[in-house]
Amino acid sequence: MTSGMSRRTLLMSAAALAAAAPLAAAGVAGAAAARTPKVLVIGLDGALLNRIKDADAPHLDALMAAGLTSVSPLYADPMAPTLSGPGWSTVITGVWPDKHHVRDNEFTGNAFDRYPDFLTRIETAKPALSTYAVASWNPVTDTIFSAKVDTRVSTPDAEYDTGTTSRAAAELANGKRDAVFVHLDNVDHAGHSYGAASSQYLDALHGVDTQVGQLVAAVKGRSTYGSEDWLIMITADHGHTDAGGHGGASAAERQTFLIATGGTITAGSTRYDIKMPDVAASALAHLGIAVDPAWGLDGRPLQQPSPDAFDALRPKLQTRVDETGIGAAVLGFTHTPPAGWTIDNSAMGTGGVTEWRGWTFTTDEFWTAAERGQWRETNVRARNVFAVADGDEWVDKSCTGTFDSTLISPAWPVTGGRTATLAYTTHYRQEAPQKGEVLVSYDGAAPVSVRTYTADTVSKSESLALQVPAGVSTAQVRFRYTGGNNWFWAVDGVRVTSG
């Protein structure tokens, strides 16, 4: 690793932008339709997006300019620590640790038979496609990827990332591979040895950027490149602290990202709704493999965004008022509901912390910073902006009464006498006398309770069958949270569909 490497200038080189241009052109809708889809996923172990932006990294800069960039927060305990085993398992299988069951780097008790890697799913769905995985950290190719993958290579320690890169570049340049995964490790090594705030960490990012450039050049240099549509995705398994290390619940350790280009991706775009399991789902979708609901994937294809009403509130988010642990410049909360939604605080106590007085619309970055290590980090199935009722944080400033707030949806159309479905994600932590209750009102009649939470329900996707009374045409949903100095409830992705 070269030491003393200078940091990049604010402007990207014209050469780097020119290198990205063919990939951006491949993302034009219609032009890609007649091309053969191919996928390249590059994993940069322990890389931090904010430090990539500080480093001399022209190739990664060019890919960001040519495609999309998204910061994607990780879980923390009790779901899993921020380690490589759980991280890469999540990226590669498309499910969170509560499904793949990897909580450390030993992989004991893993559920890869139930939730296999995405290359194995490709082999099962389209066995004629050719798959290849190469890694500098052997467990990626020895354990996470199955023997169904056409070729798995664990690079010898003596070759490390140099060998991994040369092997992958040769396959990309000359092979007939359809889906390739490459794992590079040296950034993580630098983080452990010197810390993410060090010049050595920036040097390692510069080095891996050069290797990414070699892989992209191999793709672009293919004789068949003009007839191919390459989706390139670059991600990480976890972050690092400034001092070095990971495994905890800090924002730096939980930081991952996705840089993606190709397909129908818009150049220079930023997304807030992407999560780690989306890498696997996006690779499958790009290759024309429909995600079967029976697979139980947590990821969804980035090509198929599904924003909800809460996400529209991002431009309205405010900075902190009473919270002192949240960065002063972080935009992250509002009490203003989206169009059609209302909040009933008529029974709500007075005073308390402003940010959490009644139901609040917030983000992971903002909410988890309010108090770390209390399970807020495991709200992984919510995306972008979500709704929170947090009695625990509300009482941290002088208040009277209890927390009693109800979030009320618009009236959705339903068909009388038929079954409708209420779907949402929930993340609920219980401490008596707290209660979370879901109620439904049909055509404005008295609300009827359909679900009550009085026990921990950690990051779950709910789907409730509603028996719609005959003769009614609308259903309105209420989420009522009551409690005092207890815990919290977060919901997201609320929708009612009529059968």
Side-chain angles (χ1 to χ4, degrees), residues 41-52 70-112 115-119 133-145 154 161 164 181-192 196 201 204-205 208 233-241 244-260 274-283 297-299 364 368 377-381 459:
V41 179
I42 305 173
L44 308 183
D45 207 301
L48 287 162
L49 181 64
N50 63 315
R51 295 299 275 159
I52 289 174
S70 177
V71 174
S72 177
L74 266 176
Y75 40 76
D77 276 330
M79 182 170 284
T82 47
L83 299 174
S84 288
W88 288 125
S89 297
T90 299
V91 169
I92 292 168
T93 64
V95 298
W96 293 109
D98 56 356
K99 290 184 180 178
H100 63 60
H101 294 172
V102 177
R103 288 186 41 81
D104 52 34
N105 290 346
E106 302 303 319
F107 300 91
T108 304
N110 71 75
F112 295 150
Y115 301 103
D117 62 272
F118 74 93
L119 294 183
V134 59
S136 295
W137 190 52
N138 291 357
V140 170
T141 38
D142 292 348
T143 304
I144 305 177
F145 286 106
S154 298
D161 283 359
T164 298
F181 182 92
V182 183
H183 167 274
L184 299 171
D185 198 48
N186 195 46
V187 175
D188 186 58
H189 177 78
H192 282 292
Y201 187 83
L205 287 169
V208 81
M233 294 183 284
I234 301 173
T235 190
D237 55 335
H238 55 70
H240 263 283
T241 64
H246 53 88
S250 72
E253 292 164 280
R254 294 181 61 233
Q255 185 192 123
T256 60
F257 64 90
L258 180 67
I259 299 169
I274 290 174
K275 294 280 194 171
M276 288 179 76
D278 295 351
V279 172
S282 301
L297 296 191
D298 292 314
D364 180 279
T368 57
E377 297 86 0
T378 55
N379 182 36
V380 294
R381 290 180 174 87
S459 189

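No hydrogens, no waters, no symmetry mates; every other heavy atom, side chains included, goes into these values.
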*asked:* Between L74 and H238, is there a side-chain heavy-atom distance shorter than 4.5 Å?
replied: yes

Is there a donor-acceptor pair closer than 3.5 Å between any side-chain N or O of E377 and the backbone N or O of D77?
-> no

- Query: Taking the side chain as C-beta and beyond, is there a heavy-atom pair between T164 and V182 under 4.5 Å?
  - Reply: yes

In this structure, OG1 of T368 is separated from CG of D364 (nearest 0.5 Å) by 4.5 Å

Without swapping roles, check the side chain of T82 against the backbone of G248 for a donor-acceptor pair under 3.5 Å.
-> yes

| said: What I'd like to find out is whether the side chain of L205 reaches to under 4.5 Å of the side chain of R51, using heavy atoms alone. | reply: yes

dist S282:OG -> I274:CD1 (nearest 0.5 Å) comes out at 7.0 Å

Residue pair V140 / V134, side-chain heavy-atom distance below 4.5 Å: no

Exercise for review: Would you tell me whether H246 and T241 have side-chain atoms, one donor and one acceptor, within less than 3.5 Å of each other?
Suggested key: no

Correct closest heavy-atom pair for A196 and Y201 would be O-CD2, 3.5 Å

*Below 4.0 angstrom, N of the basic side chain to O of the carboxylate: do R381 and D298 qualify?*
yes

Interatomic distance, CG@D45 vs OG@S136, rounded to 0.5 Å, equals 9.0 Å

Point to revise | Contact check, side chains of T141 and S154, non-hydrogen atoms, under 4.5 Å | key: yes

- prompt: Taking it one step at a time, do I259 and M233 satisfy side chain to side chain contact (heavy atoms under 4.5 Å, CB included)?
  reply: CA-CA 6 Å; I259 299 169; M233 294 183 284; over 6 Å; no

In terms of heavy-atom contacts, V95 and L297 come closest through CG1-CA, 3.8 Å

dist D98:CG -> M79:CE (nearest 0.5 Å) comes out at 4.0 Å

Closest non-hydrogen atoms of A47 and F257, given as atom of the first, atom of the second and distance, are O-CE2, 3.5 Å

Q: For the pair T93 and D117, evaluate side chain to side chain donor-acceptor pair (under 3.5 Å) and give the outcome as yes or no after the intermediate values.
A: CA-CA 4 Å; T93 64; D117 62 272; over 6 Å; no

Subject >> Full working for side chain to side chain contact (heavy atoms under 4.5 Å, CB included) between V41 and F118 >> reply: CA-CA 11 Å; V41 179; F118 74 93; 4.0 Å; yes

For A76 and R254, the nearest pair of non-hydrogen atoms, with its separation, is CB-CD, 4.4 Å

Any P86 side-chain heavy atom under 4.5 Å of N105 side chain:
yes

- Query: Is the side chain of T90 donor-acceptor paired with the backbone N or O of P277 at a distance under 3.5 Å, no angle test?
  - Reply: no

Looking only at side chains, do D237 and S84 share a donor and an acceptor under 3.5 Å apart?
-> yes

Look at the side chain of R103 and the backbone N and O of P97, then say whether any donor-acceptor pair between them is shorter than 3.5 Å. no

On a heavy-atom basis, the closest approach of K275 and W96 is CB-CZ2, 3.8 Å

Notebook entry, point to check: Is the H100 ring parallel, tilted or perpendicular to the F112 ring (thresholds 30°, 60°)?
Noted result: tilted

* Asked: Looking at side-chain heavy atoms only, is the closest gap between N379 and Y75 below 4.5 Å?
  -> no

Is a donor from one side chain sitting under 3.5 angstrom from an acceptor on the other, for S459 and T378? no

>> Could you check whether any side-chain N or O of D161 sits under 3.5 Å from a backbone N or O of N186, counting only pairs where one atom can act as donor and the other as acceptor?
In response: yes

W137 and D185: side chain donor to acceptor below 3.5 Å:
no

* **Within-4.5 Å side-chain heavy-atom neighbours: W88 and F181** => yes

Test side chain to side chain contact (heavy atoms under 4.5 Å, CB included) on F107 and S89; report intermediate values, then the result. CA-CA 9 Å; F107 300 91; S89 297; 3.6 Å; yes

Here the gap from D104 atom CG to L83 atom CG, rounded to the nearest 0.5 Å, amounts to 7.5 Å

ask   = Are E253 and H240 close enough, and set up right, to give a side chain to side chain contact (heavy atoms under 4.5 Å, CB included), and what steps lead you there?
value = CA-CA 5 Å; E253 292 164 280; H240 263 283; over 6 Å; no

Taken to the nearest 0.5 Å, the spacing of I144 CD1 from N138 CG works out to 11.5 Å

